[in-house]
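Written below as structure tokens is the structure these notes are about.
In listed order, ligands and their atoms are each counted from 1. In this chain, numbering begins with 1 at the start of the sequence shown.
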Amino acid sequence: MQFFVSLRRKTYMMTDRFNIKNPESVLRSQLSASEFHTVSDIKKADFPQGNQPFFLFPALADLHVHFREPGFEYKETIESGAKAAYSAGYGLVCTMPNLNPAPDCLDNLKIQLDAIQRCKTAVSILPFGCITKNRQGREPADYESMLPYVAGFSDDGNGVEDDDVMEECMHRIASLGGLIVTHCEKGSGDDRERESAEVERNIRLARKTGCRLHLCHISTKESIEFIRRGKADGICVSCETAPHYLLFTKDDVKGQPNMKMNPPLGTADDRCALVEALKDGTIDVIATDHAPHSHEEKSNGWENSLNGVVGLESAFPVVYTHFVKTGIISFNRFTDLMSRNAYKILHIEQPPYYIRVDLSTPYIINSSKFLSKGHSCPFDGMLVQGKVFLNENDNDNDNENKYETYGY
Ligand code: DOR
């Protein structure tokens, strides 16, 4: 219980820090009363400075980003990641713990928390603490001390191989009411077998321990089947996929480093299963797995380039264009996937912040213009609709009071 209370308090503290006394009144002052809608509505309204139509959406939330501070600031800092997130319409992002030092105890976590505190951004940045010490899969991390400051616990790119260690970790996290967030790669088979083996094992242990389980970037048909069954059995399991798994297959890779990520792109059957799961609610959220690397690290040919692509600044238009505009999912489901469900999974109240989006003007994604330090993006060059609107002079977010001009 303490867990939820602390997180809530933290959310409110963040609201205070941004000096948003009454966000709804800020919004109301920008729109006439008849144009004001509740957070669950998405309605067409007139753009105040012209005739272009825009839509209001709840600010987006991403359960899976890599801001590389501390340890790998040349790839991304909290500040550059926050700028990218902010410009892309995100109000909340959760950062993965593959950092140096890894946040496996409060002392290490504090280095990251201090960097977040120093970053004057309108985006709420909530870190994940580690599941095991130094993400090595051997001993549980120090959950108690980190609990009030984290979104949950994850070892990110490392699956916890040992069943007994995982069971103990889940048992301890469950006793604190916490959330475990797992990358799925267990055993020695190929990538798809490793993913579904860990999905199956983790769901089994969630049933046994009662731990709330969230599964990262699901990419295969088999994993989806295990999750669908787990949910039908009443187990507290949620999952995410990322836009690239919904749009591309391994046939699209063609040796391009901007198609190289972990888990890798799957088959056409996998992609169809993911789209079905997007529609029927088996997939709870779309996360970006925003994983920036330097230009050198992503331009060494297929074999030598690192896994990971950036996704924050393309997520809204890509998902909107391919899944909402085409009628595959509704606006309502879109906001569940891109915003609301993340808050539900974290047990955080969703603040009533909005973004404005121009849904009608087509444009081409140009990753060289991204505010992230990472520019390797599989959607570069794609024709899309759904530009998140920023006001004039609003290209940086170093002002604590930016919600007013951002259009929330
Ligand atoms: O492709 C990936 N890159 N997948 C991950 O899960 C980790 C990430 C990274 O940290 O670069």
Side-chain angles (χ1 to χ4, degrees), residues 62-78 80-81 84-85 93-103 112 127-132 134-137 151-161 180-186 191-192 194-195 198-199 202 214-220 223 239-248 250 252-253 256-266 270 285-300 302-312 314-315 367 370 372-379:
D62 192 343
L63 289 184
H64 195 139
V65 303
H66 298 268
F67 292 174
R68 310 290 197 181
E69 185 176 357
F72 308 94
E73 287 84 350
Y74 69 96
K75 297 174 193 259
E76 191 85 292
T77 59
I78 302 271
S80 62
V93 294
C94 299
T95 57
M96 283 293 162
N98 50 343
L99 301 168
N100 188 14
Q112 193 189 358
F128 285 111
C130 300
I131 300 173
T132 63
N134 207 21
R135 302 173 48 243
Q136 288 184 336
F153 300 98
S154 175
D155 271 357
D156 186 63
N158 300 350
V160 179
E161 286 275 335
I180 195 163
V181 176
T182 61
H183 234 260
C184 296
E185 37 202 288
K186 179 174 158 47
D191 290 305
R192 37 181 325 115
R194 279 155 55 79
E195 180 178 292
E198 184 154 346
V199 166
N202 290 356
H214 178 74
L215 298 161
C216 292
H217 41 48
I218 291 305
S219 68
T220 74
S223 301
C239 75
E240 70 193 32
T241 193
H244 38 270
Y245 302 115
L246 292 165
L247 264 284
F248 300 121
K250 60 192 175 74
D252 297 305
V253 171
Q256 303 168 91
N258 67 347
M259 293 272 178
K260 183 170 178 179
M261 72 287 291
N262 184 26
L265 295 169
D270 290 327
V285 296
I286 295 177
T288 63
D289 192 9
H290 175 84
H293 294 293
S294 71
H295 176 70
E296 292 68 35
E297 290 167 334
K298 286 301 284 183
S299 51
N300 266 333
W302 175 260
E303 284 300 326
N304 297 319
S305 292
L306 295 183
N307 277 316
V309 294
V310 294
L312 280 170
S314 51
S367 63
F370 285 174
S372 166
K373 287 192 186 187
H375 299 280
S376 186
C377 173
F379 305 107

Practice prompt. State, yes or no, whether a side-chain contact exists between Phe128 and Thr95 at a heavy-atom distance under 4.5 Å.
Written response: no
Practice prompt. Return the protein residues near ligand 1 (heavy atom under 4.0 Å from any of its atoms), ordered by chain and residue number.
Written response: His66, Arg68, Asn98, Asp156, His183, His217, Met261, Asn262, Asp289, Ala291, His293, Asn307, Gly308
Fill in: Least distance between heavy atoms, Cys216 atom then Met96 atom
SG-CE, 4.1 Å
Discussion item. I'd like to check the side chain to side chain donor-acceptor pair (under 3.5 Å) partners of Thr182; sequence neighbours left out, ordered by chain and number.
Written reply: Asn202
Worksheet, complete the sentence: side chain to side chain donor-acceptor pair (under 3.5 Å) filter on Glu297, not counting sequence neighbours, yields Tyr74, Lys75, Ser294
Fill in: Partner residues of His244 under the ring-ring contact (aromatic ring centres under 6.0 Å, His included) criterion, sequence neighbours left out
none
Worksheet item: Under 3.5 Å, is there a donor-acceptor pair between the His183 and Glu198 side chains?
Response: no
